[in-house]
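Chain identifiers are assigned alphabetically (A, B, ...) following the order of the sequence lines, protein sequences preceding nucleic acid strands; residue numbering begins at 1 within each chain. Worth knowing before you read on, the calculation uses all heavy atoms, side chains too, and leaves out hydrogens, waters and symmetry mates.
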Amino acid sequence: MRHVLRVFWQQLFGRDERARGLRNWHTSIAPDSATSTTFFLLMRRMRVPLITLITIFTVSVVGLTLVPGQDAAGRPAPMDVFDAFYFMSYTATTIGFGELPAAFTAAQRLWVIVTIYLTVVGWAYAIGALLTLLQDRAFRQALAWRRFSRQVARLREPFLLLAGYGRTGELLGRSFDALGQQLVVVDKAQDRIDALDLAAYRVGVPGLAADARNPHHLGLAGLDHPYCTGVLALTDDDEANLAIAMTAALLRPELAVITRTLSRTTAARMRDFGSPTVVNPFDRFGDHLRLALRAPASYQLLSWLEAGPGAELPPRADPPQQGRWVMCGYGRFGRELTADLEAEGLEVTVVETTGNPDRSGGLPAGVQDGTAGAEESVLAAADLGTAVGLVAGTSNDVTNLSLLSAARRRNPDLFLAARQNRPESAPLFAALGVDSLLVPTEVIAHEVYAQLSTPLLWRFLQEMPAQGDDWARRLIERLSRDCGTALPPLWRTDLSPAAAPALHRWLQDGDARLGELLRSPEDRDRPLRVVALLVRRGDEVTVTPDPDLRLRPGDQLLMAGRPADRRAFEALLSDDSLVEYVVHGRHVPSGWIGRRLAGQPAGRR
Amino acid sequence: MNLEKVIFGFFVLLAATLNFGFFIGDISNSALHNVYELLAAVVVSLITTVLKFGDRTQIGAVHLATSLVADLQLVCAAVVWAWATKISATGLTEGATASVVSLSGGALLANLVSVVLLVVETASFRRS
């Protein structure tokens, strides 16, 4: 029970280091004029309707007090101002309580006829004007912005600023939501922000429909908020991404910035500002394909871990390591991939199907030049019978699909790789049974997720290719045996004295073996079904440490395991008596009184 | 000549003069304070307030504040008058009249500040 309380306490009060900066925080780059201008405009436009209303009321009330009236007994009794105002108030608003305080004379009724038409028109005009203003686009936008900036200012946990909520953003949003990572979204299109509302995230994600190229809008979205930990520029416009990366680098140089681009020149320009992480999906796909050629199991593990928690183990692709490949489409993607394949020592025949003279001019020697729609003749020239693989890499999904199907008919043994440009085409590519599919949005989403979910995962993925294919195969087997074929959550465990107080003494003894720790707290003879993927000590890392590894205070572990096992493991970090049992097999009373009675020292504290 | 300024000045001054007209006279003698003048003062004060809406300058903000004060005081005076004549058993006594008139006196002060602001604004206006 105590460790639960301690964890609770830590959650509640343990991470307050940024709150100090928050007190003095106000957005210096967010505009304050845009919203207030709209409110002043609203007030100005209400001037005429309100004055009209006041005038009509005054005329009616004064008129009613001047018209001769009589009371119930028939004595002359003109209405006074109070009664007249009361009568006009309920008449003008069409409530109509009747003739009060006494039945009206004919003269009064005559005047009331006039006032009814006057005041009803006046009210209708004033209310109509107000409703029109409330419907006004600029006014509604001002309200939305104000609500958004208030939501952002109220955030009290680290968040990522996501600019561009396209397909990539949606995938990332889902993964980060599963991790409990807060996001703030800016997208140019209102319907994308509406999609954000429909996405039903567990945490509320503030979204703003605005142009992220404008630094003011980024400021509104919390770029200078003390809890902002990173900026993701994932719009489909390279220049916008460059502008966002530039803004973030100039205004908050310490923030992590991740941008996407399809072109190397833009990537180079982005790197001129600070040190953003630039993700080029074509480049990454080439790297992945090279890894798949060299070590299929490593590639399988990589794509599994990058796909985020809950992802099913992908099938192991087995691209042919030798032979001739045919590359269809020689745009940016084709160039990247051809270079990658040639670097692996493979022969590549390039086929350009667009017939674009600009592109044909830059084609390397030995390239077949075809024309659009004539896949048959192009493929005939590429001599598919002797090739081992084909990449359909044009920017048109229909062309890619027809290339793939024509190629399969000619040579059923071909390894087929393709580039999917539009999310709608996904079922078509799946039905065709492509061996390796590039979906740029997914590549970016996985890459960003791997970099930001936990820093140790990124380190692990960097170290992974060097471990070899057999190692990867064994690790996949172990993971799927212990945790199932859906990827278990990965998490970082810090063995510092602050984060793992119960383990400190044991770790300091110098003989703390990892294997002793990974036992079930219910029955120490049973191993805990968690897998230690990585141990980091200072700058050194050990990938898949063996049970005999000696842990030291300050080590950081990257663990994988199902939530129940994770809870069991994390309970160990702060409960002395559990550690005593799991490590030494001793049952120790957990309470202070129990320990006193048992004659033992009452813990470290 | 700016028509908006004319209308604005007219209403600011009219609010102050009507208020003054109601206020002047023996404070407890209800015969000297016409209720229609109070009504006119309330109405013109409300119109003046609306005219001051949506001015973003500093002096515009102070204008609006003084007008709101005047409205508050005059509406209070009207409510006290209605209470005394309609609800209270004693009717419009000398004390009640004094309350109404003194409340309108407070509004007069706010209206005077408004006029001073208007004059200051006009005097400091330089044709460039």
Side-chain angles (χ1 to χ4, degrees), chain A residues 31-67 71 77-89 92 100-102 115 118-119 122-123 125-127 129-130 133 136 138-139 142, chain B residues 3-8 10-12 14-15 18 22 30 33-61 63-65 67-68 70-71 74-88 91-92 96 100 104:
Chain A
D32 56 355
S33 57
T35 50
S36 64
T37 308
T38 318
F39 287 107
F40 277 111
L41 200 65
L42 177 85
M43 287 169 87
R44 279 184 100 92
R45 286 202 207 148
M46 281 311 288
R47 276 181 185 178
V48 180
L50 285 179
I51 289 177
T52 313
L53 199 63
I54 293 174
T55 315
I56 288 176
F57 251 79
T58 314
V59 171
S60 310
V61 168
V62 171
L64 206 56
T65 57
L66 296 181
V67 176
D71 61 12
M79 271 176 135
D80 63 10
V81 178
F82 176 77
D83 282 333
F85 182 68
Y86 175 57
F87 175 79
M88 283 324 302
S89 296
L100 293 174
T115 59
L118 266 181
T119 49
W123 266 116
Y125 173 49
I127 290 176
L130 189 67
L133 281 177
D136 189 70
F139 179 70
Chain B
L3 187 64
E4 197 190 337
K5 294 281 171 211
V6 174
I7 295 174
F8 183 70
F10 170 78
F11 275 102
V12 168
L14 188 63
L18 284 169
F22 177 75
S30 60
H33 304 282
N34 191 332
V35 69
Y36 283 104
E37 204 159 7
L38 178 61
L39 175 71
V42 171
V43 168
V44 173
S45 184
L46 284 175
I47 291 180
T48 315
T49 312
V50 175
L51 280 176
K52 288 170 177 173
F53 275 0
D55 191 340
R56 296 182 65 187
T57 58
Q58 173 68 28
I59 212 154
H63 256 308
L64 185 60
S67 232
L68 287 173
D71 287 348
L74 287 172
V75 168
C76 282
V79 169
V80 170
W81 173 82
W83 184 277
T85 50
K86 294 278 156 186
I87 299 156
S88 145
L92 195 59
V100 172
S104 80

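- Within 6.0 Å of atom CZ in A/Phe57, more than 12 heavy atoms from other residues, nucleotides or ligands are found, so the atom counts as buried in its surroundings.
- A search for side-chain contact (heavy atoms from CB on, under 4.5 Å) contacts involving B/Thr49 returns B/Phe53, B/Leu64, B/Ser67, B/Leu68, B/Asp71, not counting sequence neighbours.
- Among B/Leu46, B/Ile47, B/Val43, the single residue meeting the side-chain contact (heavy atoms from CB on, under 4.5 Å) criterion with A/Thr55 is B/Ile47.
- Here the shortest heavy-atom pairing between B/Lys52 and A/Arg47 reads C-NH2, 4.2 Å.
- For A/Arg44, there are no side chain to side chain donor-acceptor pair (under 3.5 Å) partners two or more places apart in sequence or in a different chain.
- Across B/Thr85, B/Leu51, B/Leu39, B/Val35, the residue that shares the most heavy-atom pairs under 4.5 angstrom with chain A is B/Leu51.
- Within a 6.0 Å sphere centred on NZ of B/Lys5, heavy atoms belonging to other residues, nucleotides or ligands number 12 at most.
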